[in-house]
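It should be emphasised that the depicted structure is a prediction, and the values quoted were computed from it without experimental measurement. Labels below follow one simple rule: chain letters A, B, ... track the order of the sequence lines, proteins then strands, and each chain is numbered from 1.
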Number of protein chains: 2
Amino acid sequence: MNERKVLIVDDEFAIRDMLRMALEIADFRCLEAENIHDAYTLIVDERPDIVLLDWMLPGGSGLELLRRLKRNDTTRELPVIMLTAKSAEDNVIQGLDVGADDYITKPFAPRELIARIKALLRRTSGGDEQERLQVSELVLEGESRRVFLGEDPLDMGPTEFNLLQFFMSHPERAYTRSQLLDHVWGANVYVEERTVDVHIRRLRKALQSPAHDYSDLIQTVRGTGYRFSSRGAGNR
Amino acid sequence: MNERKVLIVDDEFAIRDMLRMALEIADFRCLEAENIHDAYTLIVDERPDIVLLDWMLPGGSGLELLRRLKRNDTTRELPVIMLTAKSAEDNVIQGLDVGADDYITKPFAPRELIARIKALLRRTSGGDEQERLQVSELVLEGESRRVFLGEDPLDMGPTEFNLLQFFMSHPERAYTRSQLLDHVWGANVYVEERTVDVHIRRLRKALQSPAHDYSDLIQTVRGTGYRFSSRGAGNR
DNA sequence: CCGCTTTGTCACACTGTTGTCACAAAAACC
DNA sequence: GGTTTTTGTGACAACAGTGTGACAAAGCGG
């Protein structure tokens with residue numbers, strides 16, 4: 001379900017070819033770059049989840065790219081695996097110093113590479129802090145993925161949870177259905193815009209318990225979309 | 001103050017010599033073993049912080065020791081770096097599968113080895129106390145590796161125990177299957193994610209006795225994974 | 001060498017979730 | 001009031017996610 005993007009930075013076609021094949025079998029999506037400049041552009045545009053970086057590259061060594069990545073705050077968390085020839089294992093030390101997370105010497109067994117990629121992704125992906133959001137009695141716990149109304153846990157589906165989480169992190173602001181689809185469903189998913197309405201309804205229903213009714217936190221902004229607000233609606 | 005013990009397991013005197021020199025410069029204390037038996041004894045007696053394990057050893061291959069270590073619950077967390085000849089890199093895959101945390105091919109630059117040791121120690125330095133965990137009638141004794149429901153001991157496999165121990169030390173929080181694999185199985189083990197489901201089921205089953213049923217402490221978080229919680233689920 | 005346990009994987013059953021539709025209700029516009 | 005546009009609602013079939021029993025391989029203890 002969670003497709004991972006791997007950026008391959010290597011100037012040898014044969015290597016890229018081999019890597020692409022191995023990675024696609026293991027269900028990764030591949031991006032490729034032959035030089036540092038392309039690599040950097042791709043990183044900024046496509047935001048890959050991991051980078052396989054060859055050491056010797058035209059237009060600057062891999063070390064240079066590595067330094068640049070680790071200096072830039074927006075890409076700091078991007079894990080990097082270095083590819084290096086056996087004869088140049090000294091470079092490894094430099095690389096690990098600068099911030100590569102792992103390395104592998106060419107030639108290598110595809111299975112090993114895959115294993116290392118997966119291990120690295122698991123190791124580095126757990127860093128996201130989940131917050132605890134609260135509006136009066138309504139509490140959303142990101143960590144446990146639960147919502148409480150006072151003491152009682154509320155029952156809702158995953159999509160409704162994501163929707164509520166988004167709303168509670170961006171309150172007092174109207175979003176179009178299209179924007180909600182982008183943020184909650186993901187940018188490259190195509191579903192009907194009216195689907196949002198249905199999930200809004202399900203969320204509203206979930207925000208009602210025998211005791212309380214918080215369903216009007218989700219307000220309709222006619223002609224535009226929806227808004228989450230703890231203050232009154234103030235339209236119509 | 002925090003002196004680290006490194007156990008070198010290799011039958012070549014020259015290698016041990018070189019390693020010892022490099023490690024002592026880097027302020028580690030060295031233990032040495034020439035064969036598996038000595039190695040195991042030293043591990044039990046001296047409790048080193050990390051093991052450098054040669055692949056080819058008299059009296060059984062390094063793989064064997066590795067298996068033994070990773071099976072034994074008291075030494076499971078001991079980080080292991082494999083030493084292997086370049087000609088035998090295939091072994092690396094086996095080794096990583098069984099639970100080695102890293103590997104390095106001979107000959108290697110001492111500086112690289114030191115870098116890797118430090119990196120590994122940084123990663124795994126969580127010193128885990130063996131504690132006694134309790135949720136209402138359910139008691140987990142880390143020391144004796146037993147679980148009680150009131151007075152009655154519960155019967156479960158090692159993996160189920162580890163899983164429960166992890167859950168009870170991190171309650172009220174949803175984990176993905178991948179995260180559970182990472183924490184309970186180990187970062188470098190590659191098994192199917194659905195395997196987690198099966199062990200969850202076995203654990204749930206183990207949490208039921210004729211008298212009580214604590215199986216709903218393990219809650220399914222649909223679309224995400226599982227959560228251990230003494231409060232209600234909030235989903236189906 | 002042989003039972004016994006543990007483990008990872010699979011196929012299948014089952015359940016909740018999802019996106020879409022048709023229609024009702026409401027609001028806006030004339 | 002009548003018409004058009006927009007949103008709410010219940011139903012539903014397809015689907016993805018999860019529970020479950022069985023099984024073979026591997027480890028363990030004799």
Tell me the interatomic distance from [X], atom [atom1], to [N], atom [atom2], rounded to whole angstroms.
| X | N | atom1 | atom2 | value |
| --- | --- | --- | --- | --- |
| R145(A) | dG17(D) | CZ | P | 13 Å |
| L203(A) | dG19(C) | CG | C1' | 17 Å |
| L163(B) | dT6(C) | CG | C1' | 15 Å |
| Q219(A) | dT7(D) | CD | P | 15 Å |
| N162(A) | dG19(C) | CG | P | 11 Å |
| E192(B) | dA11(C) | CD | P | 11 Å |
| R222(B) | dG17(D) | CZ | P | 9 Å |
| H199(B) | dG8(C) | NE2 | P | 4 Å |

For this session: Take nucleotides 8-13 of chain D nucleotide by nucleotide from the 5' end and write B, S or -, depending on whether a protein heavy atom sits under 4.0 Å from the base, only from the sugar-phosphate, or from neither.
Result: BBBB--
Exercise. Which residue pairs satisfy the ring-ring contact (aromatic ring centres under 6.0 Å, His included) criterion with at least one member in residues 151-181 of chain A, sequence neighbours excluded?
Worked result: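 Residue pairs passing ring-ring contact (aromatic ring centres under 6.0 Å, His included), neighbours aside: F166(A)-H170(A), F166(A)-Y175(A), F166(A)-H183(A).
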Exercise. Excluding sequence neighbours, so at least two apart, what forms salt bridge (Lys or Arg N to Asp or Glu O under 4.0 Å) with E32(B)?
Worked result: R16(B), R20(B)
For this session: Apply salt bridge (Lys or Arg N to Asp or Glu O under 4.0 Å) to E151(B) and list each qualifying residue two or more places apart in sequence or on a separate chain.
Result: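 Expected list: none.
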Using a 4.5 Å cut-off on heavy atoms from C-beta on, say whether the side chain of [Y] contacts that of [X].
| X | Y | answer |
| --- | --- | --- |
| C30(B) | L19(B) | no |
| P48(B) | L42(B) | no |
| L7(A) | K5(A) | no |

Problem set entry | End axis versus end axis in the helix from dC1(C)-dG30(D) to dC30(C)-dG1(D), the angle rounded to 10°, five pairs used at each terminus |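 End-to-end axis angle for the helix from dC1(C)-dG30(D) to dC30(C)-dG1(D): 30°, rounded to 10°.
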Exercise. Relative to the 5' end of DNA chain C, which residue comes earlier, P158(A) or Y190(A), by the nucleotide with the nearest heavy atom?
Worked result: P158(A)
For this session: Check whether any side-chain nitrogen or oxygen of W185(B) sits under 4.0 Å from OP1 or OP2 of dG8(C), and answer yes or no.
Result: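 Yes, because at least one side-chain N or O of W185(B) sits under 4.0 Å from OP1 or OP2 of dG8(C).
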For this session: Report which part of the nucleic acid E193(B) touches: base, sugar-phosphate, or nothing (heavy-atom distance under 4.0 Å, all strands).
Result: nothing
Problem set entry | E172(B) and R146(A) ion-paired at < 4.0 Å | yes
Exercise. Taking the side chain of V191(A) as its heavy atoms from C-beta onward, which of dT9(C), dG19(C), dT7(C) lies nearest to it?
Worked result: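 Ranking dT9(C), dG19(C), dT7(C) by closest atom to the V191(A) side chain puts dG19(C) first.
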For this session: Between dT17(C), dT18(C), dT9(C), spot the one nearest the side chain of T159(A), thanks.
Result: dT18(C)
For this session: Please round to the nearest 0.5 Å and tell me the distance separating atom CG of L163(A) and atom CD1 of I200(A).
Result: 4.5 Å
For this session: Could you tell me which residues satisfy side chain to side chain contact (heavy atoms under 4.5 Å, CB included) with S215(B), sequence neighbours excluded, listed by chain and number?
Result: R204(B), Q208(B), D213(B)
